[in-house]
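Beneath this line is the structure, given in structure tokens, with notes to follow.
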Amino acid sequence: MTNHDLNAIKLFVLTFALWNITCSPKKESKEIDDKRPNIVLIIADDMAWDDSGAYGHPNIRTPNIDKLAKDGMRFDQAFLTASSCSPSRTSIITGLYPHNTNAEQLHWPLTPDKVTFVEKLKSSGYWTAQAGKWHMGDAIKDRFDVVYDIGTSGFQLAPDGSKAKQKGDGSGCENWVPLIQERPQDQPFFLWLAAVDPHRPYTDDIVAYPQNNEDVIVPPYMPDTEKVREDFVFYYNEILRLDDYVGQVVAELDRQGISENTLILFISDNGRPFPRDKTTLYDGGIKTPWIVKWPKSVKPNSICSNLVSAVDIAPTFLKLAGLEPLPAFEGKDFSKMLTSPEINIREMVYAEDHWHDYEDYTRAIRTKKFKYIRNFYADLPNTPSADAFVSGTFAEMRRLKEAGELTQAQLACFLTPRPNEELYDMENDPYELTNLVGNLDYQESLGTLREEMKKIRRITKDSVPSLRTPDEFDRETGKANSFRKRPRPSKKEMEKIIQNTTRAN
């Protein structure tokens, strides 16, 4: 063999070795996968931010949520981009504000052109799975390897406006632990675990040791009567059931020995399903519990007091997985806050309220100090969602209104016209009872927040629709009308319906 032959063989061996090092995807993927965290997103359905022991409620028994906070980090200034179920979820999964998702109204499906963080995790080697409430349409189900959608019966009223019969135990959580058990053992995983609890409708006997009327804390914008307390007890009991499922998830991760490098984020999709909470931009509608447990990186008993928004979840999950956030994302990566909670990534959050059973168009900016709300449809009252409308609480409020026994704060859902603007000092008025728009001492802050809202609306291309969407229920009786159809038409279909209806009239 000549020297020329030997040199050729050496060159071939060297070239092959270099190709194997730089181009072998399996080896590179395996090395990354060994370091990347598993990610579990747990979403409660209609749970107020402070209705757990972790956030200071003295009476609700939530030992598993409390332990999650004890073992990880509790965020005290966390907010959603919407106070409505499906718009909130589609915003989370796309990293976009609701008005940019094509799914900003309740029940509108996410369109297939929208990119989610889930498919990016999936294509990078994560096993991606969902179990529980879906509520985002069929077009993006293929972004997950597995989807256990429990359907709409647990949270959507029947076509005649009555309570729909629920499947299983009504929690939406029955497949959470089985999903963890069926995961591939050789991949990191992302799980979207979505409860139906504590969404209405409510039923008796769902927990062995229910709460009682004396446990209830009624916010001042609702009347404190026995009927209202009874309604709250049903809601509390569903939180108890949810808490048990959270504990089962943690226990299964512990049993499999994978808790150390598994990040759990626990949030709610919007606030409490009561009048002046859900579907409003008060803190009762958009502020959320936000707890992160990740033993490998997050110190136990830690607290973050800086602002985060649900639109920040998508870029953060990709960053934690070693991927770059998409340029289209409108949120900010908060991953550094997990180890350094003093880091501040934003000075304010932006939130939206669109059609939810009833038409509305409202925007809000929340800083640590202030809440600024702009009611673009001020001629419409702040009517509760359809499920809250038929609740015992709202029935009691309507009765007391007729008797002239509601306070000014408790009349907020009936007020028409609403103020065009609202401003609240959140440090001194956490229940948002005193509108400071007309107070001369706050004009500078009001002007600043007005300009900030104009700026973010311009940057994100947020504008008032040319046509209003009709209500599906009567605002006086709560009964469904002829405009209500299921499945609800998509945004594109709805625009055609509204245009045709407008021409006909």
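All of these numbers come straight from a predicted model, not from anything done at the bench.
Outside the 6.0 Å centre-distance limit, the rings of F370 and Y424 are not counted as a close aromatic pair. Aromatic ring centroids of H354 and H99 lie 6.0 Å or more apart.
The CD atom of E352 sits 8.0 Å away from the CG atom of N100 when rounded to the nearest 0.5 Å. Distance check, rounded to the nearest 0.5 Å: OG1 of T101 to OH of Y97 gives 13.0 Å.
Shown here for D243 and R61, the closest heavy-atom pair between the two residues is OD2-O, 4.4 Å. When all heavy atoms are compared, the tightest approach of G271 to K278 is O-CB, 3.8 Å. Contact between A103 and P109 at its shortest, heavy atoms only, is CB-O, 3.8 Å. Shown here for M73 and C304, the closest heavy-atom pair between the two residues is SD-CB, 3.9 Å. Summarising the geometry of T81 relative to S91, their closest heavy-atom pair is OG1-OG, 2.8 Å, with the distance given to 0.1 Å.
In this view, Y55 and W49 satisfy the ring-ring contact (aromatic ring centres under 6.0 Å, His included) rule, not counting sequence neighbours. For the salt bridge (charged side-chain N to carboxylate O under 4.0 Å, His left out) test, residues two or more places apart in sequence or in another chain that qualify with E421 are R450. With sequence neighbours left out, the ring-ring contact (aromatic ring centres under 6.0 Å, His included) criterion links F394 to F389, F414. When the ring-ring contact (aromatic ring centres under 6.0 Å, His included) test is applied to Y372, no partner is found at least two apart in sequence or on another chain.
Without hydrogens or angle criteria, Q130 side chain to L193 main chain gives no donor-acceptor distance under 3.5 Å. Distance alone, capped at 3.5 Å, is enough to place a donor-acceptor pair between the D429 side chain and the L433 backbone. No side-chain donor-acceptor contact under 3.5 Å links E472 to the backbone of N481. Checking side-chain atoms of D71 against main-chain N and O of P300 turns up no donor-acceptor pair under 3.5 Å. In this structure, R475 contributes its side chain and P381 its backbone to a donor-acceptor pair below 3.5 Å. Of the possible polar contacts, none joining the S309 side chain to the Y350 backbone as a donor-acceptor pair under 3.5 Å is found. Using a distance-only test at 3.5 Å, with no hydrogens or angles considered, a donor-acceptor pair links the side chain of T416 to the main chain of D379. Judged purely by atom type and a 3.5 angstrom limit, D215 has no side-chain atom pairing as donor or acceptor with the backbone of N59. Put simply, the side chain of S259 gets close to the backbone of D254: a donor and an acceptor are under 3.5 Å apart. Remark: the backbone N or O of A78 is not paired with any side-chain donor or acceptor of T288 at under 3.5 angstrom.
Taking the side chain as every heavy atom from C-beta outward, I267 and I42 never approach each other to under 4.5 Å. For the pair F79 and V308, the minimum side-chain heavy-atom distance is 4.5 Å or more. Between T152 and R486, every side-chain heavy-atom pair lies at or beyond the 4.5 Å cut-off. Within the 4.5 Å cutoff, side-chain heavy atoms of L338 are placed close to those of L263. Using a 4.5 Å heavy-atom cutoff, the side chains of P58 and I217 are in contact. The shortest side-chain heavy-atom distance between P273 and H199 does not fall under the 4.5 Å cut-off. Residues F317 and L41 are in side-chain contact: their nearest non-hydrogen atoms beyond the backbone lie under 4.5 Å apart. In this structure, N212 and R229 have side chains that are not in contact, with every pair of non-hydrogen atoms separated by 4.5 Å or more.
S88 and D269 share no side-chain donor-acceptor pair at under 3.5 Å. Between N270 and S84, the side chains place no donor N or O within less than 3.5 Å of an acceptor N or O (distance only, hydrogens not considered). A donor-acceptor pair shorter than 3.5 Å can be found between the side chains of N344 and E347. Judged by distance alone, the side chains of T128 and D145 do bring a donor and an acceptor atom under 3.5 Å apart. Side chains of D76 and S305: no donor on one and acceptor on the other come within 3.5 Å. Inspection of the Q256 and E252 side chains reveals an N or O donor paired with an N or O acceptor under 3.5 Å. In this model, a donor atom of one side chain and an acceptor atom of the other lie less than 3.5 Å apart for D66 and T62. A donor and an acceptor atom, one from each side chain of N261 and W294, are located under 3.5 Å apart. Using modelled atom types, one finds no donor on one side chain facing an acceptor on the other under 3.5 Å when comparing S171 with R241.
Salt-bridge formation is detected for the pair E427/K369: a Lys NZ or Arg NE/NH1/NH2 atom is positioned less than 4.0 Å from an Asp or Glu carboxylate oxygen. Looking at K227 and E230, no side-chain N of the basic residue comes within less than 4.0 Å of a carboxylate O on the acidic one, giving no salt bridge.
When the shell of 6.0 Å around NZ of K67 is examined, it contains 12 or fewer heavy atoms from other residues, nucleotides or ligands. For K299, the NZ atom counts as loosely surrounded, since its 6.0 Å shell holds 12 or fewer non-hydrogen atoms of other residues, nucleotides or ligands.
Ring geometry for F190 against F117 counts as perpendicular: the plane angle is over 60°, on a 0 to 90° scale with 30° as the lower cut.
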Query - Criterion salt bridge (Lys or Arg N to Asp or Glu O under 4.0 Å) on D46 and R272, from CA distance to verdict - result: CA-CA 5 Å; D46 292 8; R272 188 190 295 116; over 6 Å; no

**Report entry** side chain to side chain contact (heavy atoms under 4.5 Å, CB included) assessment of D197 paired with I239
**Finding:** CA-CA 6 Å; D197 289 344; I239 294 175; over 6 Å; no

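Pairs passing the ring-ring contact (aromatic ring centres under 6.0 Å, His included) check and including a residue from residues 231-264, sequence neighbours excluded, read H57-Y236, F232-F274, Y235-F274. Under the salt bridge (charged side-chain N to carboxylate O under 4.0 Å, His left out) criterion, the residue pairs touching residues 400-419 are D360-R418, with sequence neighbours excluded.
Both the sub-6.0 Å distance and the 45° axial angle are not jointly satisfied by R484 relative to the ring of F473. A cation-pi contact links R276 to Y221, judged by a cut-off of 6.0 Å to the six-membered ring centre and 45° from its axis.
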